[in-house]
Amino acid sequence: MTPLPQFYQFQTAPQIIAGTGSLGQLGERLQALAPVRSALIVSQPSMFRQGFIDQTQRQLEQRGISSMVIRDVMPEPTAQHIRELCDRVRGSGIDLIVGLGGGSALDVAKLISVLLTNEQDVEEMLGVDRVREPGIPTVLIPSTAGTGSEVTPNAIVTLPEQELKIGVVSRHLLPRLVVLDPLLTRELPQNHTAATGMDAFTHAIESYISTKANPISDMFALESIRLISRNILQAYRDGSDMAARERMLLGSMYGGMALTGSGTAAVHALAYPLGGKFNIPHGVANSMLLPHVMNFNKPVIGERLQDVAEAMGLEGELRNADGVIRQIEQWTRELAIPQDLRSFGISGEDVPALAQAAMKVTRLMQNNPRTMTAEDAEAIYRRLLA
Ligand SMILES: NC(=O)c1ccc[n+]([C@@H]2O[C@H](COP(=O)([O-])OP(=O)(O)OC[C@H]3O[C@@H](n4cnc5c(N)ncnc54)[C@H](O)[C@@H]3O)[C@@H](O)[C@H]2O)c1
Ligand SMILES: [Fe+2]
């Protein structure tokens, strides 16, 4: 048995309401939360088109809460974009922020919350525990399954000039309430279902093999792996299958809880420059890298990958590390996730700079169970240029 770490900790959202149609409970739950007069809804165009912003505003109105709406959060938000959105609402007396959408909307909601109460620029908040004061209370309602951002103290910022993405990590980013309603994910297009589902799976597996893995994060990681393995293909093939959508949303939340207790590792570190410089969506970058990084890590995590294989329900000669890697490769083919960096305009000449940028993501690289050098990172990127 692997020895336990001496100390470990876990922290997440204090209240979660879940189930099909649970968005309809928001107004009622808010009343018990805190007196609110004026809310800000931070969201994306897809949520507006599907009527979820209206539905949220109506519930607020019924409780006498006025609301402002930001409905144009960009995917993979940059520091400049976050600053501009925040400036739009500064001084308007908001006492609650509702993040409604994919990880990009939730991360921006979390950041606006603390930007409005701190005299700090978003770039001063990058890193761990840099946010000085608590923010305006937030409610987070995910529409992808997903980032798990609704239960993590993290928000990811894209920095195009540094060609990188960096996290803000602070307990002040945790919400007061999470609403987990699979109806919000019903119209999520196939390509996003695939990429965001693989992001969630990556959170779970990386948390389980991280050097910071512990009994609490392990429990969430294995349950996340179990749920996602059994539902990702079904949610992709038939997006209206609410049972599969609900299990994906739970799997994604558990993945977020796992990474909160433990942390992601080299897959995420190598993915950040692909997002920061070449705009490859986060979930796509992760799924491309995942089998190759697991192959690199395999010599030191064979036993752990055996547990993963069991949680994935792999049978017979597939119930081992190689079986896990083969299954991930098969999923990425069935989910039509690109496997070649060239399709994103990347060539061999870009590889050394990508590897250098990934090595700078020390917060995540140090969680990787096998030390990765810049040469190792280059070799992994080159495998995706075959
Ligand atoms: N905070 C964290 O813990 C954490 C963890 C992982 C990733 N992230 C970050 O989250 C961001 C990615 O979030 P994401 O993968 O959820 O995607 P996203 O929020 O960027 O959304 C992707 C696209 O899907 C659309 N969309 C979202 N939900 C939809 C729905 N239900 N129906 C139709 N369209 C919908 C959005 O409008 C957008 O165009 C990245 O910036 C990533 O780095 C954060
Ligand atoms: Fe992620």
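Counting starts at 1 for both ligands and their atoms, in listed order.
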### Query
Relative to ligand 1, is T196 under 4.0 angstrom through side chain, backbone, both or neither, heavy atoms considered?
side chain
### Query
Any ion pair linking E223 and R226 (charged N to carboxylate O, less than 4.0 Å)?
yes
### Query
Is there a heavy atom of Q50 sitting under 4.0 angstrom from any atom of ligand 1?
yes
### Query
Does some non-hydrogen atom of H203 fall short of 4.0 Å from ligand 1?
yes
#### Entry: Atom CZ of F48: over 12 foreign heavy atoms under 6.0 Å
no
### Message
Using a 6.0 Å cut-off, check whether atom CZ of R90 has over 12 heavy atoms from anything other than its own residue.
### Response
yes
### Task
Take every heavy atom of P189, measure it against each atom of ligand 1, and state whether any distance is under 4.0 Å.
yes
### Query
Heavy atoms only: which of S104, P153, P45 is nearest to atom 11 (C) of ligand 1?
S104
### Query
How far is atom 29 (C) of ligand 1 from its nearest protein heavy atom, and which residue and atom is that?
L188 CD1, 3.4 Å
### Pairing residues for M219 by the side chain to side chain contact (heavy atoms under 4.5 Å, CB included) criterion, not counting sequence neighbours
none
### Task
Identify, for atom 43 (O) of ligand 1, the protein heavy atom at the shortest distance, and state residue, atom and that distance.
K165 NZ, 2.9 Å
### Query
Hey, is T147 touching ligand 1 through its side chain, its backbone, both or neither, going by heavy atoms under 4.0 Å?
both
### Message
Run the side chain to side chain contact (heavy atoms under 4.5 Å, CB included) test against N231 and tell me which residues pass, sequence neighbours left out.
### Response
A244, R247, M248
### Query
Is the shortest N/O to N/O distance between D107 and ligand 1 below 3.5 Å?
yes
### Query
Can you tell which part of L106 has a heavy atom less than 4.0 Å from ligand 1: side chain, backbone, both or neither?
neither
### Query
Can a non-hydrogen atom of M47 be found less than 4.0 Å from any atom of ligand 1?
yes
### Query
Is the closest N or O pair between T185 and ligand 1 shorter than 3.5 Å?
no
